[in-house]
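Here is the structure we will look at, set down as structure tokens.
What's counted below: heavy atoms across the whole structure, side chains too, no hydrogens, waters or symmetry copies. Order of the sequence lines sets the chain letters (A, B, ...), proteins ahead of strands, with each chain counted from 1. Fair warning: this is a prediction, and the values are worked out from it, not measured in the lab.
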2 protein chains.
Amino acid sequence: MSKLAQLAAAASAPPCCPSLTDRELTEEEAEITAAMFKALGDPVRLRLFSKVASHPDREACVCDIADVGVSQPTVSHHLKKLREAGLLLSERRGTWVYYRVAPAVLAALSGFLTARD
Amino acid sequence: MSKLAQLAAAASAPPCCPSLTDRELTEEEAEITAAMFKALGDPVRLRLFSKVASHPDREACVCDIADVGVSQPTVSHHLKKLREAGLLLSERRGTWVYYRVAPAVLAALSGFLTARD
DNA sequence: CCGTTAATTAGATATGCATCGAATCAATCA
DNA sequence: TGATTGATTCGATGCATATCTAATTAACGG
């Protein structure tokens with residue numbers, strides 16, 4: 001597990017994750033959260049993420065999602081970034097490698113963007 | 001209004017904004033949405049955004065939020081990026097300029113990140 | 001042992017981005 | 001007119017990133 005993913009996991013463990021409207025982020029929280037948004041801030045990565053998330057059972061083999069117009073090493077590179085940001089989890093199953101969305105982190109980001117009145 | 005902000009507004013107008021789990025993003029949707037995440041993907045920008053969002057009445061004068069450790073032109077530069085991404089709105093009121101969170105776009109991003117079962 | 005899948009490495013290129021200082025401009029107010 | 005706030009411009013620097021090709025490595029299955 002990468003250092004960033006560890007920090008992300010720690011930050012997303014309840015009862016962390018303030019809503020945007022609760023209070024301003026600390027510098028450290030801003031670093032962690034910005035890293036996740038940054039990972040989603042590239043069109044190719046966002047499409048890869050979207051392909052995984054919208055796949056049946058919310059998981060997909062690399063072979064199912066790799067068609068995004070860039071080379072194989074570049075796909076691998078982007079998937080690694082998404083893993084390191086704590087957004088995707090990967091698992092080898094036989095010949096293929098499957099990716100799935102990390103549910104807690106996704107919920108944390110969504111909650112962060114949801115204004116509480 | 002910037003071209004990006006126009007696209008963003010169009011993309012966030014109902015009944016657009018699929019949830020991540022609904023279907024995979026088109027290339028154009030990925031461009032627009034990634035641009036918003038990218039804007040939130042810088043720690044300084046995210047802190048500025050967080051300061052505005054957590055301020056009373058969810059709006060703040062630049063003078064209230066400018067203390068993020070970078071120069072005045074750099075603060076202005078980041079606020080412009082957040083405006084262009086459609087995330088913040090600005091308004092001059094007398095001597096001061098006030099920023100507030102664009103509610104629809106924020107809700108759209110949150111909805112995007114919320115998995116529907 | 002060979003084929004397949006995908007991660008990784010290496011090296012290279014090109015572009016983008018954050019940041020600065022210094023200066024200027026625009027809007028407002030006293 | 002002068003002071004204040006903040007946007008903008010300019011030029012510059014340094015670092016990060018996206019991408020490629022080519023090659024290699026690792027894990028698995030037959």
Check nucleotides 8-17 of chain D against the protein and report each pair of N or O atoms closer than 3.5 Å, with its distance, or say if there are none.
unit_1, atom_1, unit_2, atom_2, d
D/dT17, OP1, A/Lys38, NZ, 2.8

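- In the hydrophobic clustering, A/Tyr98 connects to A/Trp96, either directly or through intervening members, whenever side-chain heavy atoms lie under 4.5 Å apart.
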Problem set entry | Steps toward side-chain contact (heavy atoms from CB on, under 4.5 Å) verdict (B/Val52, B/Leu82) | CA-CA 11 Å; B/Val52 171; B/Leu82 289 167; over 6 Å; no
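- In the hydrophobic clustering of this structure, B/Leu87 does not group with B/Leu89; members are Ile, Leu, Val, Met, Phe, Trp, Tyr whose side-chain heavy atoms approach within less than 4.5 Å, directly or through other members.
- Only B/Gly69, B/Val70, B/Ser71, listed by number, bring a heavy atom of residues 62-71 of chain B to less than 4.0 angstrom from any atom of DNA chain C.
- Taking the screw axis at each terminus of the helix from C/dC1-D/dG30 to C/dA30-D/dT1 from five consecutive base pairs, the angle between the two is 40° to within rounding of 10 degrees.
- B/Ile65 and B/Val68 get closest at one heavy-atom pair: O-CG1, 3.8 Å.
- Listed here is the closest heavy atom pair of A/Ala30 and B/Leu46: O-CD2, 3.7 Å.
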Can you give each donor-acceptor pair under 3.5 Å made by side-chain atoms of residues 33-42 of chain B, sequence neighbours left out, with the distance rounded to 0.1 Å?
unit_1, atom_1, unit_2, atom_2, d
B/Thr33, OG1, B/Glu29, O, 2.8
B/Asp42, OD2, B/Val44, N, 3.0
B/Asp42, OD2, B/Arg45, N, 3.1

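- Two residues are said to be in side-chain contact when any heavy atoms from C-beta on lie closer than 4.5 Å; B/Leu79 and B/Val75 meet this criterion.
- Annotation: side chain of B/Phe49 is not in contact with side chain of A/Leu25 (no heavy-atom distance under 4.5 Å).
- For DNA chain C, the contact window with chain B, defined by any atom under 4.0 Å from a protein heavy atom, covers C/dC17 to C/dC29 in 5' to 3' order.
- Sorted by first and then second residue, the pairs that involve residues 47-57 of chain A and meet side chain to side chain donor-acceptor pair (under 3.5 Å), not counting sequence neighbours, are A/Lys51-B/Glu24.
- By the side-chain contact (heavy atoms from CB on, under 4.5 Å) test, B/Ser76 pairs with B/Gln72, sequence neighbours left out.
- Screening residues 64-81 of chain A for salt bridge (charged side-chain N to carboxylate O under 4.0 Å, His left out) gives no qualifying pairs among residues at least two apart or on separate chains.
- For the segment residues 87-98 of chain A, the set of residues with a heavy atom within less than 4.0 Å of an atom of DNA chain D comprises A/Arg92, A/Gly94, A/Thr95, in numerical order.
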For this session: Apply the test side-chain contact (heavy atoms from CB on, under 4.5 Å) to residues A/Thr114 and B/Thr114: give CA-CA distance (whole Å), side-chain angles for both, the deciding distance (0.1 Å), then the verdict.
Result: CA-CA 10 Å; A/Thr114 302; B/Thr114 302; 5.6 Å; no
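- To the nearest 0.5 Å, the span separating CG on A/Leu88 from CG on A/Leu48 amounts to 8.5 Å.
- Taking the salt bridge (Lys or Arg N to Asp or Glu O under 4.0 Å) definition, one finds that A/Arg92 meets it with nothing, sequence neighbours left out.
- Take A/Thr95 and apply the side-chain hydrogen bond (donor to acceptor under 3.5 Å, both in side chains) test, not counting sequence neighbours, and it matches no residue.
- Nucleic acid contact for A/Val44: sugar-phosphate only, since backbone atoms but no base atoms lie under 4.0 Å from a heavy atom of the residue.
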